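Any value given below was found using the heavy atoms of this structure, including those in side chains, with hydrogens, waters and symmetry copies removed. Just so you know, ligand 1 is whichever comes first in the structure, and atom 1 is the first atom listed for that ligand. Predicted model only: the values in this text are computed from it and were never measured.
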Amino acid sequence: MTAAFKIAIAGLGTVGSGVVKALAARGEELSRRAGRKLEITAVSARDKNKARGYAVPGWTDDVLSLAKTDADVVVELIGGEEGIACQLVESALANGKHVVTANKALLARHGLALAQLAEKNGVTLKFEAAAAGGIPIVKALREGLIAQPIDAVKGILNGTCNYILTEMESSGRAFADVLTEAQAKGYAEADPTLDVGGGDTAHKLALLASLAFGTAPDLNAVAVEGIQHITPDDIAFASEFGFRIKLLGVARRMGNKIDQKVHPAMVRVRSALANVSGAANGVLVDAGAAGSFFFSGRGAGEAPTASAVIADIVEAASGAASPVFGRPAASLKRLDAADGKQAVSPWYLRFEVLDVPGVLAAIAGNLAEAGVSIESMIQRGRAPGEPVAIVMITHETAQASVERALKAIGASDKVRARPCMIPMEA
Ligand SMILES: NC(=O)c1ccc[n+]([C@@H]2O[C@H](COP(=O)([O-])OP(=O)(O)OC[C@H]3O[C@@H](n4cnc5c(N)ncnc54)[C@H](OP(=O)(O)O)[C@@H]3O)[C@@H](O)[C@H]2O)c1
């Protein structure tokens with residue numbers, strides 16, 4: 001009989017508790033799948049006395065000591081890109097332990113160095129839960145969709161943002177209102193900056209881009225814009241044009257460079273991404289001649305995230321040893337970042353302007369000067385001397401040209417708020 005596969009778990013929060021409970025409930029079946037008995041031999045968290053609602057197996061006070069026990073795998077479920085999580089993962093890999101983690105921030109920042117460390121020590125580092133929670137997109141990109149070069153990965157990767165945008169659309173309420181409610185219901189953190197500002201999506205996108213394009217994760221190459229400035233008006237106008245606003249993480253090939261950005265985008269209401277609602281996640285992979293593949297499901301929460309962690313543990317126990325980012329670490333390229341501002345698309349533009357003669361002509365002039373041509377326009381109501389919203393859809397235009405025009409337009413004293421620009425997906 002093969003020896004038991006010993007598991008040390010650091011962190012007993014939402015995800016860690018889910019993993020302990022799933023192993024307690026389905027350990028026998030999962031052991032059969034792994035080909036050896038799965039056994040939790042040590043766990044640690046911050047507070048030994050916290051009521052967890054289940055029997056805590058093998059409590060250990062010093063979380064860093066988990067890297068030095070006889071465990072075969074250290075499961076890091078603390079979080080954070082530096083500090084104790086980083087120290088634990090480095091130490092576990094250096095001590096020849098496999099590591100399973102859900103920590104996107106850590107891997108987006110230190111992925112290459114950690115992959116090198118894992119390889120040097122002949123162990124694996126797995127992170128299925130780190131991007132899109134329960135959706136097995138890491139495995140799909142690392143092992144499934146490898147025959148054809150991937151052209152693009154687009155994802156709704158943050159459930160909090162998707163929940164807020166979905167609620168704004170269904171209720172017509174403003175961003176701040178819906179955010180407060182989401183916080184009260186536990187869908188948003190007390191400090192929501194990382195979610196609504198797009199940073200969390202950027203972490204996940206950096207990992208998916210690495211797997212898709214064979215590059216080292218490069219968080220600094222991701223241009224990031226959040227959803228804080230989206231208004232109920234934008235959502236209503238989008239709907240009139242047959243679109244819905246989603247926060248997308250997009251990584252795409254542009255020549256021999258990669259463009260990575262996180263931004264609100266208008267997606268057609270009938271598209272797969274537009275129909276990812278509430279706290280769900282969705283990922284679209286454009287795999288060239290192999291076609292387009294769409295994945296959707298729950299991107300966060302105890303059971304979906306634990307499901308992904310358990311899959312990694314079972315894979316590690318069964319001896320599967322695919323490279324961390326799908327290729328040997330030494331072959332992960334550092335491709336130049338594309339100039340994303342040259343990417344072309346139609347744009348939705350919204351201006352809050354004083355309803356006085358000549359404003360529209362001035363805006364049209366600024367747009368024409370920057371080479372931006374208008375396909376359609378809506379002005380809602382008339383309120384002489386008062387602010388009104390003007391919305392325009394452009395023909396395909398580079399982002400840089402639109403930004404140039406909006407800078408000039410925004411400088412006018414007739415323009416009351418920062419003009420809004422949102423790309424429209426084909
Ligand atoms: N929650 C999700 O749905 C989800 C989805 C995908 C990925 N993730 C990732 O999974 C990881 C864990 O997330 P989570 O939501 O489970 O977090 P969480 O609920 O906040 O739990 C964090 C755990 O880490 C422990 N901890 C914190 N600081 C510690 C320290 N200095 N020393 C020892 N233990 C410490 C806490 O101990 P105490 O319990 O004693 O306070 C707690 O058990 C993060 O990397 C997160 O990004 C989460």
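- Y187 and E167 share no donor-acceptor pair across their side chains, judged by distance under 3.5 Å alone.
- Side chain to side chain, D233 and T231 fail the donor-acceptor criterion of an N or O pair below 3.5 Å.
- Contacts of F241 classified as ring-ring contact (aromatic ring centres under 6.0 Å, His included), with partners at least two apart in sequence or in another chain: none.
- Using modelled atom types, one finds a donor on one side chain and an acceptor on the other under 3.5 Å when comparing E82 with H110.
- Under the 3.5 Å distance criterion, the side-chain polar atoms of T305 are matched with a main-chain donor or acceptor of G301.
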Note down each nitrogen or oxygen pair, ligand 1 side and protein side, whose separation is under 3.5 Å; give only atom names and the distance to 0.1 Å.
residue: ligand 1; atom: 3 (O); partner: G301; partner atom: N; Å: 2.6
residue: ligand 1; atom: 16 (O); partner: T14; partner atom: N; Å: 3.1
residue: ligand 1; atom: 16 (O); partner: V15; partner atom: N; Å: 2.9
residue: ligand 1; atom: 19 (O); partner: T14; partner atom: N; Å: 3.0
residue: ligand 1; atom: 19 (O); partner: T14; partner atom: OG1; Å: 3.4
residue: ligand 1; atom: 34 (N); partner: R46; partner atom: N; Å: 3.2
residue: ligand 1; atom: 37 (O); partner: R46; partner atom: N; Å: 3.1
residue: ligand 1; atom: 39 (O); partner: K50; partner atom: NZ; Å: 3.1
residue: ligand 1; atom: 39 (O); partner: R52; partner atom: NH1; Å: 2.6
residue: ligand 1; atom: 39 (O); partner: R52; partner atom: NH2; Å: 3.4
residue: ligand 1; atom: 40 (O); partner: R46; partner atom: N; Å: 3.0
residue: ligand 1; atom: 40 (O); partner: D47; partner atom: N; Å: 2.7
residue: ligand 1; atom: 40 (O); partner: R52; partner atom: NH2; Å: 2.9
residue: ligand 1; atom: 41 (O); partner: R46; partner atom: NE; Å: 3.3
residue: ligand 1; atom: 41 (O); partner: R46; partner atom: NH2; Å: 3.0
residue: ligand 1; atom: 41 (O); partner: K50; partner atom: NZ; Å: 2.8
residue: ligand 1; atom: 43 (O); partner: L12; partner atom: N; Å: 2.8
residue: ligand 1; atom: 43 (O); partner: G13; partner atom: N; Å: 3.0
residue: ligand 1; atom: 47 (O); partner: K104; partner atom: NZ; Å: 3.2

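- At a threshold of 4.5 Å between non-hydrogen side-chain atoms, the residues V123 and V99 do not count as touching.
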